[in-house]
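All values below come from the heavy atoms of this structure, side chains included, with hydrogens, waters and symmetry mates left out. The chains referred to below are lettered A, B, ... by the order of the sequence lines, with proteins before strands, and numbering in each begins at 1.
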Amino acid sequence: MSALLRIEDVSVHFPVRKGVLQRQVAEVRAVDSVTLSLEKGEAFGLVGESGCGKTTLARTVLRLVDPTSGAIWFDGQNISGLRGKALAPYRRRVAAIFQDPFSSLNPRMTSGQTLREVLKVNGYPGDIPARVAELLTICGLAPRFAELYPHEMSGGQRQRVGIARALALDPELIVCDEAVSALDVSIQAQIINLLEELRVKFGLTYLFIGHDLSVVRHLCDRIAVMYLGRIMETGTSAELFDTPRHPYTRALIDAVPAPDPVGEEAREHVALKGEIPSPLDPPSGCVFHTRCPIAMDRCRAEVPGLTRLGGHHAAACFALETTAGTPAKKE
Amino acid sequence: MPLLEIDDLSVCVSQDGTDTALVRSVSYVVEPGETLALVGESGSGKSVSSLAVMGLLAKALKVTSGSIRFDGQDLLALSAEEMRKIRGRDISMVFQEPMTSLNPVRSIGSQIMESIEENLGLSRADARARAISLLKEVGVADAERRLKQYPHHFSGGMRQRVMIAIALAADPKLIIADEPTTALDVTIQAQILDLMARICRDHGTAMILITHNLGIVARYADRVNVMYSGRIVETGTAREIYRAPRHPYTEGLLQSVPRLDQDRSVPLKPIRGNPADPFTPISGCRFHPRCPYVAARCRAEVPAFENGVACHFPLDPAQKEAV
């Protein structure tokens, strides 16, 4: 297997300006020294709460935001320095699906017009109307949906059009930013199944951003957990959910109630204390130490690096350095 | 005696001279101190039916039949002024988006104290003392200083705590919480729901918890009403409903959610089609176009609500367990 996408030590910092002179008074470290790589054909999940930087990282991969430092390699090419026309081939190979198809689709264009436009602008060489019908069919919509405007469709149908648009140019990588979060439960399941089916059928690679742990675990082979711009833990779905090693990952999993009243009654759960600190003023040392149940003095002073735990598993926590190599106890 | 008794409630919206039912003959009771969940997807009528209880229906909406009895009083017979007194004092509400339900240009303190003064008739100083103790109870640290602050100084989770403090101001008998944590992060969601559960237990307050999240229902509700297209299609204790759903819609919902406590290779079984649009007429059972077990009778006759389920051919729990 070869890496299709490699994010190498990427940081994204936004200046905070104030006053008439717009002097820079502070800096938001939205993404801080993140390294990840996505293999061809896999679904990679990024999870975390608001302000963790998952969406900024996704936008950096889409080149909608410039990284402050670090490099993004796609299929062997560093795309983080490319501008203008030089980016066009990359943009054809990477697509995006957003959370709310109502705001990402033009309300004055029918689905057919939206899809035709993408194909035309990018100089699609084949039969455009046939391709539009094909795209709709692939996404589970009858060809008559080409005539409908976004407001004439349900949320699930709009998201199918959003997916059809992403597929239009046969991309290799699709960035899904909270792609199923706005949908009703029964429709969410339909779209999750569709995304899975498409990945297998077309050999797609997904970078899937979500806040719903159950959805991300279901869809993704490997996952990275982010908190305040940094990766706390990463591993395969099984490694992360069966043997979580970072206290933040454990707390996140614990916070999700299971649809099982008997199991919930038996499960002891401890809600994580405190608020997510402002990314404008992140805590010193390990960014999680203010909420961590096992924080030590060292955590307040030093930033932990990722400790390898075997397989794909790694976590950034000082508590692991003393126990690294020993199997984690399942709680 | 039940605290709240809703009988045969129907709510219609009038548009261009035609009436469309959003809530169809809904009946349920809430006992003192219990937490009842209303679960359903968009358009199921779960919010509209509880706004009717609060007397907060939008102008275009009308109660066309039924009765709502609260603590022995017929709420639909009350004047606007009498209803206003019940709201806040006996029944209060917590909404999804605390940013839009708080006044952005007034301090948190004045908003909590307004509710206390209005409902309990306390003096300014006593109201202030109560506001501070309420904020402490809902977990807002440094309460005295924070009273002077404005909503934008608070995070989403903290604003929701303030909303809960306002809802608690007059020690109501019933709190209606409409998707109270949907806009919050998952670790904050757990904090807020644990807080609400503790408060209801400590004060003996009953709660109607409106949500689409089946996990939240499992962890926090005593009983559940599953709603679909304006009707309650199934009711029961949380344990009954999750162990052995009897309405095909309930079963479909439970099979649609990915779960952390199950193997991730188990494929999801979505419900086909889309949630029913209230403006589209559907003959017979309104779930029949999406139902995997649909039969001729389902297309022709509206099923009656009997023994806790509205289905002509309810699933048999015994049969399911035998398989």
Side-chain angles (χ1 to χ4, degrees), chain A residues 47-52 153-157 180 182-194 196-197 211-221 227 237-238 241 248 251-265 267 269-278 291, chain B residues 39-44 139 141 154-158 184-195 212-222 224 237-243 249 252-262 264-275 277 290:
Chain A
V47 284
E49 303 180 280
S50 18
C52 77
M153 293 182 277
S154 70
Q157 290 160 348
V180 301
L183 304 171
D184 272 321
V185 173
S186 67
I187 305 304
Q188 178 176 297
Q190 295 175 1
I191 301 294
I192 289 174
N193 284 358
L194 175 66
E196 248 171 359
E197 185 192 308
H211 70 280
D212 186 326
L213 263 68
S214 340
V215 170
V216 175
R217 169 175 175 266
H218 185 84
L219 264 170
C220 299
D221 311 308
Y227 186 77
S237 288
F241 284 93
Y248 180 59
L252 266 186
I253 294 172
D254 190 63
V256 181
D260 168 20
V262 181
E264 279 303 320
E265 212 165 277
R267 187 153 82 124
H269 51 91
V270 192
L272 203 55
K273 288 193 177 64
E275 303 262 302
I276 303 167
S278 159
R291 303 175 76 196
Chain B
V39 196
E41 302 180 281
S42 11
S44 63
F154 288 68
S155 67
M158 279 295 157
L184 303 176
D185 278 314
V186 57
T187 58
I188 308 297
Q189 165 177 298
Q191 291 174 357
I192 297 290
L193 289 168
D194 287 348
L195 169 71
H212 67 280
N213 184 323
L214 295 163
I216 290 180
V217 174
R219 194 182 276 184
Y220 298 98
D222 301 312
V224 189
T237 65
R239 279 172 182 251
E240 287 163 356
I241 290 216
Y242 283 75
R243 187 175 53 85
Y249 176 64
L253 272 186
L254 287 167
Q255 291 175 344
S256 292
V257 282
R259 325 172 37 149
L260 292 184
D261 56 349
Q262 268 178 4
R264 67 180 275 261
S265 58
V266 176
L268 304 181
K269 284 194 218 146
I271 305 171
R272 64 180 165 179
N274 291 293
D277 171 9
R290 306 182 72 193

Student: Mind ranking B:Arg272, B:His212, B:Lys269, B:Met158 by heavy-atom pairs under 4.5 Å with chain A and telling me who comes out on top?
Tutor: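 With the most close heavy-atom pairs to chain A, the winner is B:Met158.
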Student: Any sub-3.5 Å donor-acceptor pair from B:Gln191's side-chain atoms to A:Gly274's backbone N or O?
Tutor: yes
Student: Does B:Pro267 offer a backbone N or O that forms a donor-acceptor pair with the side chain of A:Asn193 under 3.5 Å?
Tutor: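 No, because the side chain of A:Asn193 does not come within donor-acceptor range (under 3.5 Å) of the backbone of B:Pro267.
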Student: Looking at every non-hydrogen atom in both residues, tell me the closest pair between B:Asn274 and A:Gln157 and how far apart they are.
Tutor: ND2-NE2, 3.1 Å
Student: Just to verify, what does B:Arg259 make a side-chain hydrogen bond (donor to acceptor under 3.5 Å, both in side chains) with, not counting sequence neighbours?
Tutor: B:Asp261
Student: Tell me every residue that passes ring pair (Phe, Tyr, Trp, His ring centres under 6.0 Å) with B:Tyr220, counting only those two or more places apart in sequence or in another chain.
Tutor: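 Ring pair (Phe, Tyr, Trp, His ring centres under 6.0 Å) list for B:Tyr220, sorted by chain: empty.
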Student: Less than 4.5 Å to any heavy atom of chain A: does that hold for the side chain of B:Gln189, its backbone, both, or neither?
Tutor: side chain
Student: Over all heavy atoms of both residues, which pair between B:Arg219 and A:Asp254 is shortest? Give the atoms and the distance, please.
Tutor: NH2-O, 3.0 Å
Student: Okay, side chain of B:Arg264, backbone of A:Cys220: is any donor-acceptor separation there less than 3.5 Å?
Tutor: yes
Student: Of the backbone (N, CA, C, O) and the side chain (C-beta and beyond), which part of B:Val217 lies under 4.5 Å from a heavy atom of chain A, both, or neither?
Tutor: neither
Student: Donor-acceptor pair, distance only, cut-off 3.5 Å: does the side chain of A:Gln190 make one with the backbone of B:Gly273?
Tutor: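 Between the backbone of B:Gly273 and the side chain of A:Gln190 there is a qualifying donor-acceptor contact (under 3.5 Å).
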Student: Name the region of B:Asp194, side chain, backbone, both or neither, that has any atom closer than 4.5 Å to a heavy atom of chain A.
Tutor: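 Only the side chain of B:Asp194 comes within 4.5 Å of chain A.
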Student: Identify the residue among A:Leu272, A:Leu252, A:Ile276 that makes a side chain to side chain contact (heavy atoms under 4.5 Å, CB included) with B:Asp185.
Tutor: A:Ile276
Student: Tell me, out of B:Ala221, B:Ser42, B:Ala190, who's got the most heavy-atom pairs with chain A below 4.5 Å.
Tutor: B:Ser42
Student: Give a yes or no answer on whether the side chain of A:Glu275 reaches the backbone of B:Ser155 with a donor-acceptor pair at less than 3.5 Å.
Tutor: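 A pair under 3.5 Å: no.
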